[in-house]
Amino acid sequence: MGNQLKTTLLLAVMTAFIMIVGNLLGGRQGMLIALVLAAGMNFFSYWFSDKIVLKMYQAHEATPQQAPELFEMVQTLSRQAGLPMPTVYIIPKDTPNAFATGRNPENAVVAVTQGLLTLMNRQEIMGVLAHELAHVKNRDILIGTIAATMAGAIMLLASMARWSAIFGGGHRNDNNGGGMGAIGMIAMSIIAPMAAMIIQMAVSRSREYLADATGAAIAGSPEGLARALEKLGAYSRRIPMDANPSTAHMFIVNPLSGKSLQRLFSTHPPVEERVSRLRGARPGGVGPAPPPPPRGGDRRQDAGKAFWDRLKRD
């Protein structure tokens, strides 16, 4: 509930911010034009983003015959979450990762990389799938689209203000009582998009925390997701995925290598913080030790465990 309230407050702040910035930079008419243009662009994204992203990563739809274990896990978790069975895709990438997309639960898609299936055990895969189904259950695609629409409108307003200042619009703004002038408009056109981006990232981070908590409830235990996040964090640093930055926010962990500045402006919260919250420990504190993964005869999981052990030693 805390994360839901936080998201509502952040969206309210962004709404107020767009009204203030719109009046300062473009007046009511400029604000309306920017909002309509941004809504149009994001309407297209809302309806077709799943097809675009799946094609971008050459994902192929999986059938129950091709991936029976994966289908059984998704069916079980969907039933526990009270959701329709989503379409399942596999991305031919060695880096373990996953994302969910689709405009509503009836049109949802869950996509996992081949690396995730190879290097994670059953409990960890269930944790990841539960997290992605939580995004579907919480309608995070819709919320993300609303936040993107508002941020896009502010960026369009900023662009309009910048060109207006360059071509003398600042003088007209002074006469209309805005009082910003050309220099003020240019400054605001730089500051406003940065502020909108920060609010948008805060919305995204809040939704990730909520999806972690909801996913743990769907799976029946937080430990599988916690262990999966630890592995995913290590893999993303050592073998980053060849991902488009515009889609990085969709994945369960940031697929980009991420230097310090990129991590500062990341749409994902730190993995360590997420794991600590799942285990009920403070970041940097000592949480309960995870139980050992189940031993089995699956060669892929044995190979994944051996690679994970090498990563921890390096």
Side-chain angles (χ1 to χ4, degrees), residues 45-81 83-122 124-145 148 204 207-208 211-212 214-215 218-219 224-225 228-229 231-233 235-236 239-256 267-268 300 304:
S45 173
Y46 178 66
W47 282 88
F48 301 106
S49 62
D50 54 343
K51 297 178 179 61
I52 294 169
V53 174
L54 290 167
K55 192 169 184 179
M56 184 183 298
Y57 291 106
Q58 300 176 330
H60 61 271
E61 186 174 347
T63 65
Q65 293 73 32
Q66 293 171 329
E69 290 181 35
L70 177 62
F71 253 80
E72 182 267 324
M73 286 188 278
V74 176
Q75 281 180 328
T76 299
L77 291 168
S78 297
R79 188 165 55 250
Q80 290 173 194
L83 292 169
M85 176 69 182
T87 308
V88 181
Y89 278 77
I90 296 176
I91 303 168
K93 299 282 186 182
D94 293 331
T95 306
N97 220 319
F99 67 81
T101 185
R103 60 188 180 274
N104 54 41
E106 289 72 30
N107 295 277
V109 170
V110 172
V112 299
T113 65
Q114 187 61 54
L116 184 92
L117 300 176
T118 301
L119 299 169
M120 301 275 171
N121 63 43
R122 179 182 174 86
E124 291 159 354
I125 295 173
M126 290 278 279
V128 170
L129 292 172
H131 172 96
E132 297 308 328
L133 288 172
H135 277 306
V136 176
K137 188 178 181 70
N138 296 335
R139 296 185 178 267
D140 288 334
I141 302 298
L142 175 61
I143 291 169
T145 301
S204 181
R207 302 314 290 181
E208 287 299 322
D212 285 344
T214 306
I218 292 171
L225 178 56
L229 286 171
K231 290 186 178 182
L232 288 164
Y235 280 116
S236 67
I239 43 174
M241 188 174 174
D242 182 19
N244 189 316
S246 66
T247 63
H249 67 283
M250 298 180 65
F251 288 86
I252 185 169
V253 296
N254 193 339
L256 308 174
T267 53
H268 293 72
R300 294 180 309 167

Indicate whether any N or O donor in one side chain lies under 3.5 Å from an N or O acceptor in the other, for Q80 and T76. no
E124 (side chain) donor-acceptor with N121 (main chain) under 3.5 angstrom: yes
How many angstroms lie between atom CD of Q66 and atom CD of E61, to the nearest 0.5 angstrom? 9.0 Å
Between CD on residue Q75 and CE on residue M85, distance to nearest 0.5 Å: 4.5 Å
Test item: I90 and L70 side chains (from C-beta on) under 4.5 Å apart, heavy atoms: yes
Would a distance-only check, ignoring hydrogens and angles, find a side-chain to backbone donor-acceptor pair under 3.5 Å from N104 to E106? yes
Please check this pair: side chain of D50 against backbone of A108, looking for a donor-acceptor N/O pair closer than 3.5 Å. no
Taking N138's backbone N and O only, do any of them form a donor-acceptor pair with R207's side chain (distance below 3.5 Å, no angle check)? yes
Distance (rounded to the nearest 0.5 Å) between M241 CE and D94 CG: 10.0 Å
Does a side-chain heavy-atom distance below 4.5 Å link P96 with K231? no
Please examine the side chains of Q58 and K93, heavy atoms only from C-beta on, and report whether any two atoms are closer than 4.5 Å. no
Please report the shortest heavy-atom distance between P105 and P84, naming the atom on each side. O-CG, 3.8 Å
Has the side chain of K137 got a donor or acceptor atom that lies under 3.5 Å from a matching backbone atom of A81? yes
Backbone N/O of F251 and side chain of H268: donor-acceptor pair under 3.5 Å: yes
Within the 4.5 Å heavy-atom criterion, are T113 and T95 side-chain neighbours or not? no
Looking at every heavy atom in both P86 and L133, which two are closest together, and how far apart are they? CG-CD2, 3.9 Å
Hey, could you give me the CD1/CG distance between I252 and L225, rounded to the nearest 0.5 Å? 5.5 Å
Side chain proximity check, H135 to E208, heavy atoms < 4.5 angstrom: yes
Taking C-beta and beyond as the side chain, do L117 and Q114 meet within less than 4.5 Å on heavy atoms? yes
Candidate pair L116 and I91, rule side chain to side chain contact (heavy atoms under 4.5 Å, CB included), full reasoning: CA-CA 10 Å; L116 184 92; I91 303 168; over 6 Å; no
Checking side chain to side chain contact (heavy atoms under 4.5 Å, CB included) between L129 and each of I218, V88, V74, which is the one that passes? V74
